[in-house]
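One structure is given here, and the rest of the page talks about it.
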Amino acid sequence: IIQNSIGVEQKPTLKIYPNPFNDFLQIDKYGKSFITYEGIIYDIKGNQLVNFKTTENQYLINTSSLAPSIYYLKIITPNQNYIYKIVKSR
C-alpha cells in the first residue's frame with residue numbers, strides 16, 4: 001500500500017511474482033495510471049544487474065543469470081517509483 005501526499009492510501013498498480021522466484025520474474029501492470037515504466041534489479045550492494053523499459057501490461061524478466069540471493073527491484077513510472085525486495089531461491 002502506498003500513501004499519497006494527502007495521506008490517502010492507494011494500492012499500487014503492479015503485481016510482482018513469484019517471490020521467491022527461480023529463473024523468471026513476472027510483472028503485471030493494472031489500470032491506466034501510466035503507460036511506460038522502467039525496471040532495475042539491484043543486488044544488496046547496490047550494483048545494477050538487470051535493466052528494462054516496457055509498455056507491456058505483462059512483462060517476464062529472465063533471471064536465470066542471477067545467483068540465489070536477495071535483490072531489490074526498482075520500478076520507475078512517470079508519477080512514482082516503487083521498490084520491491086525480491087528473493088531468488090535457486
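None of these values were measured; they are calculated from a predicted model.
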Worksheet, complete the sentence: Interatomic distance, CG@L60 vs CZ@F24, rounded to 0.5 Å, equals 5.5 Å

Practice prompt. Enumerate the residue pairs fulfilling side chain to side chain donor-acceptor pair (under 3.5 Å) with a member in residues 53-68, sequence neighbours excluded, ordered by first and then second residue.
Written response: K29-N57, N62-S64

Worksheet item: Can you name the side-chain hydrogen bond (donor to acceptor under 3.5 Å, both in side chains) partners of N47, sequence neighbours left out?
Response: D43

Worksheet entry | Derivation of the side-chain contact (heavy atoms from CB on, under 4.5 Å) call for N81 and I75 | CA-CA 6 Å; N81 296 337; I75 300 292; over 6 Å; no

Discussion item. Applying side-chain contact (heavy atoms from CB on, under 4.5 Å) to K74 and Y82, what does each step give before you reach the verdict?
Written reply: CA-CA 6 Å; K74 181 176 185 179; Y82 303 90; over 6 Å; no

Worksheet item: Given side chains that start at C-beta, do those of I86 and F21 come closer than 4.5 Å, heavy atoms only?
Response: yes

Worksheet item: At their closest point, which heavy atom of F52 faces which heavy atom of I40, and how far apart are they?
Response: CE2-N, 4.5 Å

Practice prompt. Let me see the working for L73 and I16 under side-chain contact (heavy atoms from CB on, under 4.5 Å), right down to the final yes or no.
Written response: CA-CA 9 Å; L73 171 63; I16 313 296; 3.9 Å; yes

Practice prompt. Quick one: which residue pairs count as a side chain to side chain donor-acceptor pair (under 3.5 Å) with a foot in residues 16-28, not counting sequence neighbours?
Written response: Y17-D28, N22-S89, Q26-D28

Worksheet item: Can you name the ring pair (Phe, Tyr, Trp, His ring centres under 6.0 Å) partners of Y37, sequence neighbours left out?
Response: F34

Practice prompt. Side-chain contact test, heavy atoms from C-beta onward, threshold under 4.5 Å: evaluate it for L14 versus Y84 and give yes or no.
Written response: yes

Worksheet entry | Side chain to side chain, K85 and I70, heavy atoms closer than 4.5 Å | yes

Worksheet item: Side-chain heavy atoms under 4.5 angstrom apart, residues restricted to Ile, Leu, Val, Met, Phe, Trp, Tyr: same cluster for L25 and Y42?
Response: no

Worksheet item: From L66 CG over to L49 CG, what is the distance, rounded to the nearest 0.5 angstrom?
Response: 6.0 Å

Worksheet item: Who else is in I35's hydrophobic cluster (ILVMFWY, side-chain heavy atoms under 4.5 Å, direct or via others)?
Response: none

